[in-house]
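Since the structure comes first, as structure tokens, the remarks are kept for the end.
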Amino acid sequence: MLQLRLAFQRCAGLDRLPAARNARLAALPFSSSAARWYSTPTPPPDLSEGEREIYLKLTDKFSPTTLRVQDISGGCGSFYAIIIASETFRGLSMVKQHQLVNKALKSEIESIHGLQLKTTVPDASATE
């Protein structure tokens, strides 16, 4: 896991930042400078081909209220970070939620190196 975090830091350029900022950014699950949040069913035009494929598949399967798909491998498509909020997950354990997403992305997972996944249930009081 440490090697993965170090590779992510190099890939995101975090190893070249001042130490204080580097520590704050490295603690984040994703690079804050490249964050892409979407809450619409139409994929944004700036998604890579792999991000778009995952985005469309998850949108079709789960009708998410929030969906974030980001290639965090530096653009080569080998490692993705996904945050998804969907009513489909209500009442399910986190393990079951992750199993549903993994099942939906089975063919994509076979061709990538890693997947960072966070699933949640939409919060009616949250404002995004």
Side-chain angles (χ1 to χ4, degrees):
M1 186 67 177
L2 178 60
Q3 288 178 335
L4 181 60
R5 180 169 289 281
L6 293 174
F8 168 69
Q9 288 176 339
R10 278 192 304 277
C11 192
L14 296 178
D15 58 335
R16 295 184 299 273
L17 296 175
R21 184 159 184 239
N22 187 358
R24 285 195 317 270
L25 290 175
L28 296 173
F30 307 105
S31 170
S32 62
S33 62
R36 298 182 207 167
W37 286 94
Y38 307 111
S39 57
T40 61
T42 305
D46 62 338
L47 292 177
S48 70
E49 183 180 332
E51 289 170 333
R52 182 179 180 81
E53 185 178 332
I54 291 171
Y55 185 98
L56 291 171
K57 191 169 271 196
L58 292 176
T59 300
D60 183 51
K61 179 75 175 175
F62 299 106
S63 301
T65 57
T66 301
L67 178 57
R68 176 181 174 182
V69 178
Q70 184 178 4
D71 178 353
I72 58 174
S73 64
C76 64
S78 66
F79 198 101
Y80 290 91
I82 299 170
I83 297 177
I84 181 171
S86 173
E87 283 296 329
T88 306
F89 304 141
R90 191 166 302 280
L92 300 177
S93 69
M94 187 178 301
V95 170
K96 183 62 176 170
Q97 293 172 16
H98 285 215
Q99 287 174 341
L100 289 174
V101 173
N102 286 334
K103 184 176 180 183
L105 298 176
K106 184 177 181 178
S107 62
E108 288 78 10
I109 289 173
E110 290 174 356
S111 64
I112 63 175
H113 178 69
L115 179 66
Q116 183 179 32
L117 182 59
K118 180 177 181 188
T119 57
T120 61
V121 176
D123 183 7
S125 64
T127 57
E128 295 192 71

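By convention here, the first residue in the shown sequence is residue 1.
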Measure the OG-CG distance between S78 and L115 for me, rounded to the nearest 0.5 Å.
11.5 Å
Do E51 side-chain atoms and D71 backbone N/O form a donor-acceptor pair below 3.5 Å?
yes
CG on L100 to CD1 on I84, rounded to 0.5 Å
10.0 Å
Looking at A104 and F62, what are the two nearest heavy atoms and their distance?
CB-CE1, 3.9 Å
In Å, rounded to the nearest 0.5 Å, how long is the span from CD1 of I54 to CD of E49?
11.0 Å
If I compare all heavy atoms of S86 with all of S63, which pair ends up nearest, and what's the gap?
OG-O, 4.3 Å
Rounded to the nearest 0.5 Å, what's the gap from CD on E53 to CG on L47? Could you check?
12.0 Å
Write down the atom of P64, the atom of L58, and the distance for their closest heavy-atom approach.
CD-O, 3.8 Å
Who passes salt bridge (Lys or Arg N to Asp or Glu O under 4.0 Å) against K57, sequence neighbours left out?
E108
Looking only at heavy atoms, the pair that brings S73 and G77 closest together is OG-N, 3.0 Å
For residues 92-99, tabulate all N or O donor-acceptor pairs below 3.5 Å that involve a side-chain atom, not counting sequence neighbours.
residue	atom	partner	partner atom	Å
S93	OG	K96	N	3.2
Q97	OE1	T119	OG1	2.6
Q97	NE2	F89	O	3.3
Q97	NE2	L92	O	3.0
H98	NE2	T119	OG1	3.4

Under the criterion side-chain contact (heavy atoms from CB on, under 4.5 Å), which of I83, I72, I82 is the partner of Q116?
I72
